[in-house]
Structures are given as C-alpha cells and as structure tokens.
Amino acid sequence: QQQVKQSPQSLIVQKGGISIINCAYENTAFDYFPWYQQFPGKGPALLIAIRPDVSEKKEGRFTISFNKSAKQFSLHIMDSQPGDSATYFCAASSPGGGSYIPTFGRGTSLIVHP
Amino acid sequence: ETGVTQSPTHLIKTRGQQVTLRCSSQSGHNTVSWYQQALGQGPQFIFQYYREEENGRGNFPPRFSGLQFPNYSSELNVNALELDDSALYLCASSWTVNTEAFFGQGTRLTVV
C-alpha cells in the first residue's frame, strides 16, 4: 500500500518557468511533510517542510501548498533554473508519534532546459 | 561539524554472499536510520537505531540486520544476498528520534 502518492513521475520545464509537483497521502496521523531534493550520486537533502497548521510555506523560489481536507500537498518551484534539475521526493511523517521516519513518494525527475 | 559519511560508495557482490555497509553519523547525532532506494523509487525505511538499540523496523526480512556502536556509528548487514537487493543504501542521522534526519551519499550495492 503506497501511503504517499506523487505525480508526475517526470517533468520538463523551460528556464524561468514554474515547476509543480503534487502529492497525496492517506494516513491522517501524518503531521510533518518534507520535500527532499536528490542529485545523481547523492543522498536526499531536505529542501522545505510544512506542518498541517498552515496552508502555505515559502522559502525563496520554493513554495509548499497544503490542503489538509483533501490530504494533498504540492511543491512549486518558481523561476525554475537548470541547476534545479534533480529528483524531488515528497514525504510524510509523524514525529509527534515518537520517531521521525518519513514515508517517501516515488519521486519526480525534473529537467529544466536552459 | 562533519556530515553523514558512508562506506564504501560502491560494492559488487554475488548472490548468496553477505555484505556489511558502514555509516558515520553527524557529530552530536544519536539516532541512525537506514533506507533502501531501488532504481527509480523513493527510499524505503529498513530500521532505526537510537542509542545502540533498534527503535523501529520497516517491512524487511530478518536477513537485514544492523548495529549501532557507542560512538553512534552504525552498520547494516545483509545476509544471503538476492538480486533484488541491488539498490542504493542510505544512512541518515538525526539529533534524536523525532527530529529531522540528514542523509549520507549512500552505498550503491550491485548483486550479480
């Protein structure tokens, strides 16, 4: 059972465009939703995260939108740059339950053309 | 402050063999988690160690085992390797069990 569903699987965007990646979760116990960025040959690195008490969080060009009632959240990358080309994973966790053990989506491969 | 380091970076093993992967946690971190990332997939949780004790386990068979040492470094051992064990194995450390985890670069294991 896939607890965190991520789409699209791959995304191609022109430089300067907006990249949008969507995720949906099933477990209502999740209360922490991080996004990770992974470059080839590297481990995932935390990009931005949100808790369900807010509907949006913005850090620079990266924004998370969160819809608690729909159990959906999305990552928006504004003014996408070739250096943003990487695989992005959404995840969900319930650290309040005792342990930070994120459940990951399957990932989105983003290519930003110059 | 050093980050999470894993060794080796790449490894090739034969089916049926045993393998040990190593992880040095970030300075000050007492919790280590291991993940398996198959090609084109997200990381899957294997287990977590907190202060040398197993603190949670994912849906992996017993031939996946681990250790955490007094300095909080860790090992992942896999016995009776199968072809499907080929993956990137990631170690992540955190300050404690319910705080954000930081990942190492991973060990790429190929089973032939």
Side-chain angles (χ1 to χ4, degrees), chain A residues 1-11 21-25 27 29-51 57 59 64 75 86-111, chain B residues 3-10 21 23-26 29-51 53-60 66 68 76 87-109:
Chain A
Q1 181 185 11
Q2 187 183 358
Q3 292 198 56
V4 179
K5 296 182 180 179
Q6 183 172 348
S7 63
Q9 186 175 354
S10 61
L11 183 60
I21 305 171
N22 300 299
C23 284
Y25 65 97
N27 187 347
F30 290 143
D31 59 3
Y32 183 72
F33 302 88
W35 284 87
Y36 287 84
Q37 180 188 56
Q38 186 177 28
F39 292 104
K42 303 290 186 181
L46 178 67
L47 189 62
I48 186 173
I50 196 169
R51 294 192 181 276
K57 183 175 181 180
E59 290 185 0
I64 301 177
L75 175 70
T87 300
Y88 291 82
F89 294 95
C90 63
S93 180
S94 54
S99 293
Y100 179 81
I101 302 174
T103 298
F104 287 85
R106 290 188 173 180
T108 296
S109 176
L110 171 64
I111 297 174
Chain B
V4 179
T5 58
Q6 295 185 240
S7 63
T9 55
H10 296 83
L21 310 181
C23 172
S24 293
S25 58
Q26 189 165 321
H29 289 187
N30 62 22
T31 302
V32 173
S33 302
W34 286 91
Y35 293 80
Q36 180 194 66
Q37 185 178 15
L39 199 62
Q41 301 293 321
Q44 297 290 315
F45 174 69
I46 302 175
F47 43 58
Q48 181 183 79
Y49 279 83
Y50 169 64
R51 293 188 173 184
E53 297 289 329
E54 187 176 289
N55 186 52
R57 188 179 182 91
N59 188 27
F60 280 82
Q68 188 179 30
L76 165 66
L88 181 69
Y89 287 86
L90 295 162
C91 169
S93 75
S94 53
W95 186 69
T96 189
V97 294
N98 60 350
T99 56
E100 181 65 58
F102 297 86
F103 286 84
Q105 84 284 2
T107 294
R108 173 70 64 186
L109 173 65

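Here is the naming used below: chain letters follow the sequence lines, and residue numbers restart at 1 for every chain.
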Worksheet item: How many angstroms lie between CD1 in A/I101 and CG in B/N55, if you round to the nearest 0.5 Å?
Response: 6.5 Å

Worksheet item: Does B/E53 CD have over 12 foreign heavy atoms under 6.0 Å away?
Response: no

Worksheet entry | Approximate separation, where rounding is to 0.5 Å, of A/R106 CZ and B/Q41 CD | 5.0 Å

Worksheet item: What are the two closest non-hydrogen atoms of B/L90 and A/G43, and how far apart are they?
Response: CD2-CA, 3.9 Å

Fill in: Toward chain B, the part of A/Y36 with a non-hydrogen atom under 4.5 Å
side chain

Worksheet item: Which region of A/L46, side chain (C-beta onward) or backbone (N, CA, C, O), has a non-hydrogen atom less than 4.5 Å from a non-hydrogen atom of chain B, or is it both or neither?
Response: side chain

Item to complete: Would you mind checking which part of B/Y35 comes under 4.5 Å of any heavy atom in chain A, side chain (CB onward), backbone (N, CA, C, O), both or neither?
Response: side chain

Worksheet item: If you tally heavy-atom pairs under 4.5 Å against chain A, which of B/Q44, B/Q6, B/Q37 wins?
Response: B/Q37

Fill in: B/T99 portion near chain A, given a 4.5 angstrom heavy-atom threshold
backbone

Practice prompt. Check whether any side-chain heavy atom of B/P43 sits under 4.5 Å from a side-chain heavy atom of A/F89, and report yes or no.
Written response: yes

Worksheet item: Relative to chain B, which segment of A/Q9 carries a heavy atom at a distance below 4.5 Å: side chain, backbone, both, or neither?
Response: neither

Fill in: Which atoms of B/Q48 approach chain A - backbone, side chain, both or neither, heavy atom under 4.5 Å
side chain

